[in-house]
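Data first, discussion second: the structure below is written as structure tokens.
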Amino acid sequence: MFEFFEQIRLAGRAFAEFSNSLFEPTIRLGVTGLSRAGKTVFITALIHALTRGGRFPIFEALATGRIARGELAPQPDDAVPRFDYEGHVEALVNKRNWPDSTRQISELRIVIEYQSQNGYERSLTLDIVDYPGEWLLDLPLLDKSYEAWSAESLRLSHEPPRDRAAAHWHSYLATLDPSSAADEQAALAAARLFTEYLQACRDENYGMSLLPPGRFLMPGELAGSPALTFAPLEVSDEEPPPGSLWAMMRRRYDAYIDIVVRPFFRDHFARLDRQIVLVDVMAAINAGPEAVSDLDGALAAVLDCFRTGRKTFWGTLFRPQIDKILLAATKADHLHQSSHDRLEAILKMLTEPAVKKADLAGADVDVVALAAVRATREATVERRGEKLPCVIGTPVAGEIVGGEIFDGETEVALFPGDLPADPKDLFGKDGQAFRGLTTSTPQEADFRFLRVRPPVLELTDKGTPALPHIRLDRALQFLFGDKLQ
Ligand SMILES: Nc1nc2c(ncn2[C@@H]2O[C@H](COP(=O)(O)OP(=O)(O)OP(=O)(O)O)[C@@H](O)[C@H]2O)c(=O)[nH]1
Ligand SMILES: [Mg+2]
């Protein structure tokens, strides 16, 4: 019954939002990606572009001068933190530091005044919602039982290299009898060891992506609550004995879904019109082939969410939901431009099967390799008679290469490694995979990407100071160029 009223309420809200958008065209753009994927930098660069302009040849409305102005406006949702654009720009542009990690949902509204192609003055309201990709990867839990989730998490944790990180948790799990009486201390210990396993998997050397439940890694105000004090158990599909540890874990798993996952779906995900998913493909390549395969699984799960969003009864009550999805490999400026298409091809290879399978009911999907903020320049360096396509940048203070610790001021030429022309060769022409940090030292790894400091603003042809980027214009054209016709 509750579900029924909930649906009526949602339909009412959808209708109200729809009527509003008739008078004032509005798009809700979701920006997501796993932690450190580049969400904050992307949104900051996007707003900088719309309010300050820049070099955006492929973003037609801006390139042809039809955008008169972009202005920040009060956001529609009172309960969601505002995206701190001013703070992030201050860090990025004035201090040349990357913005701090954000870790929670935030929102910003920008109103774009433009001239339509047939000369009318128009405005488009863009609501940008920044939310952690980890929350998105929780959506599949909506229709998964505790038992199914347990079995799946355990199976994954026995695969290398995860099994190494899971050793402590596995040996504790072996001492637990799911049918024994519920025991708070056992639940606390299992949840702590399971969380430590998830944290270890996310570490730079493992670089794993698929690590639900998302709030175990970013608990916020739920830290220490029963809704986060559960873990998988070796259980069957049957009913748990009343009063058992199993029953207690199952109840808490269900609470997690009620308290965390369903509200996110209802209040945020179900209201998006367009979505960009930022993917740090380079971090996975840095870690190794296992991390790239894991990313593959995570991307399939992400794409499945968009299908879930459509297939549910809720989805059908709304106006047509997300109709454009852009998958973007971020930080392409770590690579020489000769590799940008190759990076794009790798992301395409990773997502193509899932896109085909996901039956996105007509939603447009595109793949791009971009740098929202380009922090490097290009150069060709000769080494032992060989010409290497390099990038020049200022490594952030503390980055280490070959024993040298960078001070955050010195510029260097970096050769990150060559991406293969055929993405399939990433895993080796003869099936021999490349080496990453998971199994070798930084010196032996085939690819190594250093964090570099943000750039100084460049001057456009018109003399406007602007943030340099790579293919951000293509992303913006795809995401909302059609609404600025
Ligand atoms: N070179 C380069 N580095 C980038 C770019 N975008 C992001 N980065 C790097 O990636 C890091 C994370 O970027 P954020 O935008 O903070 O990522 P996020 O997804 O918001 O991260 P959380 O808030 O922690 O979830 C930054 O500190 C930069 O080091 C880019 O366009 N170019
Ligand atoms: Mg962020």
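We count ligands from 1, going down the list as the structure has it; atoms in each ligand are counted the same way.
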In terms of atom number and element, which parts of ligand 1 are under 4.0 angstrom from non-hydrogen atoms of His334? 1 (N)
contact_flag Thr330 ligand 1 heavy-atom lt 4.0 Å: no
Is there a heavy atom in Ala372 that sits closer than 4.0 Å to ligand 1? yes
Hey, would you say the Phe83 and His88 ring centroids sit under 6.0 Å apart? yes
Which residue holds the protein heavy atom closest to atom 30 (C) of ligand 1, what is that atom called, and what is the gap in Å? Val373 O, 3.3 Å
As an exercise, identify every atom of ligand 1 less than 4.0 angstrom from a heavy atom of Ala371. 31 (O)
Among non-hydrogen protein atoms, atom 5 (C) of ligand 1 lies closest to Lys331 CG, 3.8 Å
Counting only N and O atoms by type, is there a donor-acceptor contact under 3.5 Å from the side chain of His340 to the main-chain atoms of Ala369? no
Salt-bridge criterion met for Arg96 and Glu409 (N-O under 4.0 Å): no
On a heavy-atom basis, I'd like to know which of Ser101, Pro99, Pro468 is closest to atom 22 (P) of ligand 1. Ser101
Ligand-residue contact atoms, ligand 1 with Ala37, heavy atoms, under 4.0 Å: 17 (O), 19 (O)
Ligand 1-proximal atoms of Arg103, by part, heavy-atom distance under 4.0 Å: both
Looking only at protein heavy atoms, identify the closest one to atom 18 (P) of ligand 1 and say how far it is in Å. Lys39 N, 3.4 Å
Would you call Arg109 and Asp77 a salt bridge, using N to O less than 4.0 angstrom? no
Taking the basic N atoms (NZ, or NE/NH1/NH2) and the acidic carboxylate oxygens, is any pair closer than 4.0 Å for Glu60 and Arg66? yes
Identify, by atom number and element, the atoms of ligand 1 in contact range of Arg451, meaning under 4.0 Å from any of its heavy atoms. 27 (O), 29 (O)
Could you check atom 20 (O) of ligand 1 against the protein and tell me its nearest heavy-atom contact, residue, atom and distance included? Thr40 OG1, 2.7 Å
Could you tell me whether the side chain of His334 and the main chain of Pro416 form a donor-acceptor pair under 3.5 Å? no
Whether the side chain of Arg453 engages the backbone of Gly408 through a donor-acceptor N/O pair (distance < 3.5 Å, no angle test) should be reported. yes
May I ask you to identify the nearest protein heavy atom to atom 15 (O) of ligand 1, giving residue, atom name and distance to one decimal place in Å? Val41 N, 2.8 Å
Short N/O/S contact of Ser35 with the Mg ion (ligand 2) (below 2.8 Å): no
Pair Phe264 + Tyr131: ring centers closer than 6.0 Å: yes
I need the nearest protein heavy-atom contact for atom 13 (O) of ligand 1: residue, atom name and distance, please. Gly38 CA, 3.6 Å
Cation over ring, Arg215 on Trp135, under 6.0 Å and within 45°? yes
Contact atoms of ligand 1, heavy-atom distance to Asp333 under 4.0 Å: 1 (N), 2 (C), 32 (N)
For atom 27 (O) of ligand 1, find the nearest protein heavy atom and state the residue, atom name and distance (0.1 Å precision). Trp98 CB, 3.1 Å
Using 2.8 Å as a strict upper limit, say whether an N, O or S atom of Thr102 approaches the Mg ion (ligand 2) that closely. yes
Are Asp280 and Arg36 close enough for a salt bridge, meaning some N to O gap below 4.0 Å? no
Report yes or no: is the cationic atom of Lys324 (NZ for Lys, CZ for Arg) under 6.0 Å from the centre of the six-membered ring of Phe478, at an angle within 45° of the ring normal? yes
Starting from atom 16 (O) of ligand 1, which protein heavy atom do you reach first, and at what distance in Å? Arg36 NH1, 3.5 Å
Charged N-O contact under 4.0 Å between Arg162 and Asp294: yes
